[in-house]
Chemist: 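Take this structure, written in structure tokens, and hold onto it; I'll ask about it next.
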Amino acid sequence: MSLPGYEDNDMKKWLSYLFAAVVCLLMLSPVSQAAGFLSQTPERTVLLAEIQSYGDYELKPEYFQTLADKLGAAIPAETPFFVKGRSTDNMTNEAGRHDTAATAEDAAISQIHMDAIVRGHQFNYGFAAAKLIRYADASVGRTHFYDDTVVKAWQNQVDTPYHLSPSMTDAARAIGEKYGARYLLFVNVRDVDVRLKHTMFATHTERATRGKKMKAALDYYLVDARTGRVYEGHCDNGKTAQMLNLAVAQWGKGMDVDAMLNEVMEAQAKDVADNLSRKGFSAMKADASEAKVVQGKPVIVLAGFQSRVSDVNNSIESGAMLPVVRETMMEQLSDSPAFTVKDDSELVTRMRMTEQALVQALGDGELQAQVGADADYIIYGYLTEFSDIKAQSGVLGVRGKDTTVHLELTMRVVDAHTGAVVFVTQADARRKSNLDYDVILSRHDKGKEDAAENALRMAAVNLADQFLRAAI
């Protein structure tokens with residue numbers, strides 16, 4: 001069969017051209033160029049060295065962890081580069097930033113970050129934390145920041161890369177070599193501001209869901225570990241949550257501060273990844289050489305999921321439902337021919353209960369024989385958001401309220417031999433749990449428990465799919 005005006009041979013030739021064009025497009029796309037994390041090379045690897053705040057305001061540690069997960073998921077999605085972490089408890093370098101039981105490496109990473117900040121275009125001496133001010137005075141000199149002509153001229157060269165100091169360049173090179181990464185990424189969450197919106201519509205609204213505006217600003221620094229060359233970027237993101245009640249119609253969305261901040265961090269992670277894709281790596285003259293395929297069939301252990309959110313305001317104990325995620329992911333991953341998934345409850349319990357100690361020991365080079373013998377990679381998962389989103393809607397004579405369960409899961413894949421985080425991703429899901437309108441006489445409502453369970457299963461399937469596409 002052939003199209004009118006075309007011979008069979010012409011049709012075959014036309015289809016072959018179309019197929020060749022599609023293949024070329026796939027080969028040119030960043031996603032197709034990136035090899036799986038099981039076969040990544042240093043040239044394509046970015047180490048999340050530190051996600052912290054050196055400004056006047058500082059977030060709680062769990063928020064930095066969530067931002068690290070979002071960046072680890074966003075960068076591979078936008079660029080042909082993979083993201084690594086030093087270990088699952090060192091993704092943000094909390095100890096190094098606060099000088100609490102920090103190792104020499106923790107302290108060095110904090111100093112590299114501060115060196116990139118004070119020499120960068122975005123540094124504001126007046127809004128820096130005390131530790132950063134002391135470092136700026138010692139390394140650059142206080143009088144430098146009082147020369148307005150020099151400072152303003154430097155600040156106007158926003159996209160111009162610069163270099164770390166010689167000593168910090170050497171430190172960055174050593175860390176890059178240790179973790180097999182060409183680039184180090186530092187993020188300084190400089191400012192977070194939340195303000196309530198006082199309107200006539202919010203007078204009888206609970207404080208947690210009252211209208212509010214949030215704004216967050218962060219600076220990020222991509223460092224070439226071999227040369228000490230730095231590309232600096234900046235982004236501001238805001239979120240507004242409000243509830244409107246009018247005579248004719250009702251609409252709006254109520255969000256607590258946790259949910260708003262999660263949305264802001266989501267936007268920031270995407271902005272950072274997009275900017276690195278368009279400008280950052282090209283400014284650093286990144287070498288996108290092809291990765292070599294590693295032979296062998298690795299062993300994966302799914303160590304389960306734990307919650308990073310508070311259950312105080314939820315009617316469901318989210319932590320009690322997390323085994324559903326592990327069960328669903330086991331079903332999705334068990335049939336893969338590329339790796340073997342182990343389901344040993346005793347092994348899983350040991351890896352989860354001793355997660356920090358285990359990964360820290362691996363990162364320090366103290367290989368645990370039983371871990372190396374049992375697995376090549378360990379999957380750790382976290383619940384990073386669990387909330388009820390209330391959306392009010394209706395028309396004249398019909399009043400009602402919809403309630404939706406919204407949750408988000410993140411996942412880290414850890415090299416069981418070195419403790420390095422080799423892959424990070426996230427997934428979210430929403431399920432309607434309540435629908436109540438005056439005109440409806442009755443409705444079979446399964447409630448929040450079933451909605452949450454279904455949402456967790458949906459998110460787990462999404463995580464497993466992302467793992468398969470990234471690993472193979």
Chemist: With a 4.0 Å cut-off on N to O distance, would you call E43 and R226 a salt bridge?
Modeler: yes

Chemist: Using a 3.5 Å distance criterion without hydrogens, assess whether the side chain of Y162 forms a donor-acceptor pair with backbone atoms of A116.
Modeler: yes

Chemist: Just wondering, more than 12 heavy atoms not from F127 lying within 6.0 Å of its CZ?
Modeler: no

Chemist: Going through the distances and angles, do F186 and E50 end up as a side chain to side chain contact (heavy atoms under 4.5 Å, CB included)?
Modeler: CA-CA 5 Å; F186 300 86; E50 185 173 80; 3.9 Å; yes

Chemist: Tell me whether S282 contacts the main-chain N or O of K279 through its side chain, where contact means a donor paired with an acceptor under 3.5 Å.
Modeler: yes

Chemist: Could you tell me if the side chain of E385 sits less than 4.5 Å from the side chain of D428, heavy atoms only?
Modeler: no

Chemist: Kindly say whether L383 contributes a backbone atom to a donor-acceptor pair with the side chain of Q306 at under 3.5 angstrom?
Modeler: no

Chemist: Check for me whether R97 meets the cation-pi criterion with Y54, that is, NZ or CZ under 6.0 Å from the six-membered ring centre and within 45 degrees of the ring axis.
Modeler: yes

Chemist: Between E78 (side chain only) and K270 (backbone N and O only), is there a donor and an acceptor less than 3.5 Å apart?
Modeler: no

Chemist: Atom CE in M458, atom CG in L463: separation rounded to 0.5 Å?
Modeler: 12.0 Å

Chemist: Find out whether Q52 and T92 are in side-chain contact, i.e. whether some heavy atom of one side chain is under 4.5 Å from a heavy atom of the other.
Modeler: yes

Chemist: Start with the C-alpha gap between D465 and Q332, add the side-chain angles, then the distance that decides, and say whether side chain to side chain contact (heavy atoms under 4.5 Å, CB included) holds.
Modeler: CA-CA 8 Å; D465 179 64; Q332 299 293 315; over 6 Å; no

Chemist: Could you tell me the separation between the NE2 atom of H406 and the OG atom of S387, rounded to the nearest 0.5 Å?
Modeler: 6.5 Å

Chemist: Do Y382 and T88 get their side chains close enough for a donor-acceptor pair, meaning under 3.5 Å?
Modeler: yes

Chemist: Verify side chain to side chain contact (heavy atoms under 4.5 Å, CB included) between R86 and E105, making sure each step is shown before the conclusion.
Modeler: CA-CA 10 Å; R86 294 165 61 209; E105 182 178 285; 2.9 Å; yes

Chemist: Are R173 and D170 close enough for a salt bridge, meaning some N to O gap below 4.0 Å?
Modeler: yes

Chemist: So, does H113 use its side chain to make a donor-acceptor pair with the main chain of I109 at under 3.5 Å?
Modeler: no

Chemist: Can you tell if the side chain of I175 reaches within under 4.5 Å of the side chain of I112, non-hydrogen atoms only?
Modeler: yes

Chemist: Does R229 reach the side chain of V223, with side-chain heavy atoms less than 4.5 Å apart?
Modeler: no

Chemist: Quick one, N124 with R190, criterion side chain to side chain donor-acceptor pair (under 3.5 Å). Give me CA distance, side-chain angles, the key distance, then yes/no.
Modeler: CA-CA 10 Å; N124 190 325; R190 181 159 44 88; over 6 Å; no

Chemist: Measure from the side-chain N and O atoms of D115 to the backbone N and O of M168, and report whether any donor-acceptor pair falls under 3.5 Å.
Modeler: no

Chemist: Hey, does the side chain of K84 reach the backbone of Y179 with a donor-acceptor pair shorter than 3.5 angstrom?
Modeler: yes

Chemist: Does any N or O in the side chain of T328 come within less than 3.5 Å of the main-chain N or O of V324, such that one atom is a donor and the other an acceptor?
Modeler: yes

Chemist: Going by the side-chain contact (heavy atoms from CB on, under 4.5 Å) test, name the single residue among T103, L48, D106 that passes it with N90.
Modeler: D106

Chemist: Using every non-hydrogen atom in the two residues, find where A49 and N93 come nearest and quote the distance to one decimal.
Modeler: O-CB, 3.9 Å

Chemist: Using the benzene-type ring in the case of Trp, are the ring centres of H234 and Y220 under 6.0 Å apart?
Modeler: no

Chemist: Are the side chains of L456 and L409 in contact, using a 4.5 Å heavy-atom criterion?
Modeler: yes

Chemist: Could you tell me which non-hydrogen atom of V413 sits nearest to which non-hydrogen atom of F467, and how far apart they are?
Modeler: CG2-CE1, 3.7 Å

Chemist: Are any non-hydrogen side-chain atoms of M411 and F423 less than 4.5 angstrom apart?
Modeler: yes

Chemist: Could you walk me through whether V301 and V341 pass side chain to side chain contact (heavy atoms under 4.5 Å, CB included), step by step?
Modeler: CA-CA 6 Å; V301 171; V341 182; over 6 Å; no

Chemist: A455 and L407: which non-hydrogen atoms are nearest, and at how many Å?
Modeler: CB-CD2, 3.6 Å

Chemist: Rounded to the nearest 0.5 Å, what separation is found between the CG atom of D224 and the CG atom of L222?
Modeler: 8.0 Å

Chemist: Working to the nearest 0.5 Å, report the span between CD1 of I300 and CG of L333.
Modeler: 8.5 Å

Chemist: List the atom pairs, with distances to 0.1 Å, where a side-chain N or O of residues 67-75 and a protein N or O form a donor-acceptor pair under 3.5 Å, not counting sequence neighbours.
Modeler:
{"unit_1": "D69", "atom_1": "OD1", "unit_2": "R412", "atom_2": "NE", "d": "2.7"}
{"unit_1": "D69", "atom_1": "OD1", "unit_2": "R412", "atom_2": "NH2", "d": "3.3"}
{"unit_1": "D69", "atom_1": "OD2", "unit_2": "R308", "atom_2": "NH1", "d": "2.9"}
{"unit_1": "D69", "atom_1": "OD2", "unit_2": "R308", "atom_2": "NH2", "d": "3.3"}
{"unit_1": "D69", "atom_1": "OD2", "unit_2": "T410", "atom_2": "OG1", "d": "2.9"}
{"unit_1": "K70", "atom_1": "NZ", "unit_2": "N262", "atom_2": "OD1", "d": "3.4"}
{"unit_1": "K70", "atom_1": "NZ", "unit_2": "E266", "atom_2": "OE1", "d": "2.8"}
{"unit_1": "K70", "atom_1": "NZ", "unit_2": "E408", "atom_2": "OE1", "d": "3.0"}
{"unit_1": "K70", "atom_1": "NZ", "unit_2": "E408", "atom_2": "OE2", "d": "2.7"}

Chemist: Nearest heavy-atom pair of R44 and P80: which atoms, and what distance?
Modeler: NH1-O, 2.9 Å

Chemist: Can you name the nearest heavy-atom pair linking A128 to F123, along with the distance?
Modeler: CB-CE1, 3.9 Å

Chemist: For D274, check salt bridge (Lys or Arg N to Asp or Glu O under 4.0 Å) against everything at least two apart and list the hits.
Modeler: R278

Chemist: Is the shortest heavy-atom distance from the side chain of M114 to the side chain of S139 under 4.5 Å?
Modeler: no

Chemist: Measure the OH-OG distance between Y135 and S110 for me, rounded to the nearest 0.5 Å.
Modeler: 9.0 Å

Chemist: For V83 and P76, which heavy atoms make the closest approach, and how far apart are they?
Modeler: CG2-CD, 4.0 Å

Chemist: Flag the pair Y380 / V414 as yes when at least one side-chain heavy-atom distance between them is below 4.5 Å, and no otherwise.
Modeler: yes

Chemist: Would a line drawn from the ring center of Y231 to the ring center of Y221 be shorter than 6.0 Å?
Modeler: no

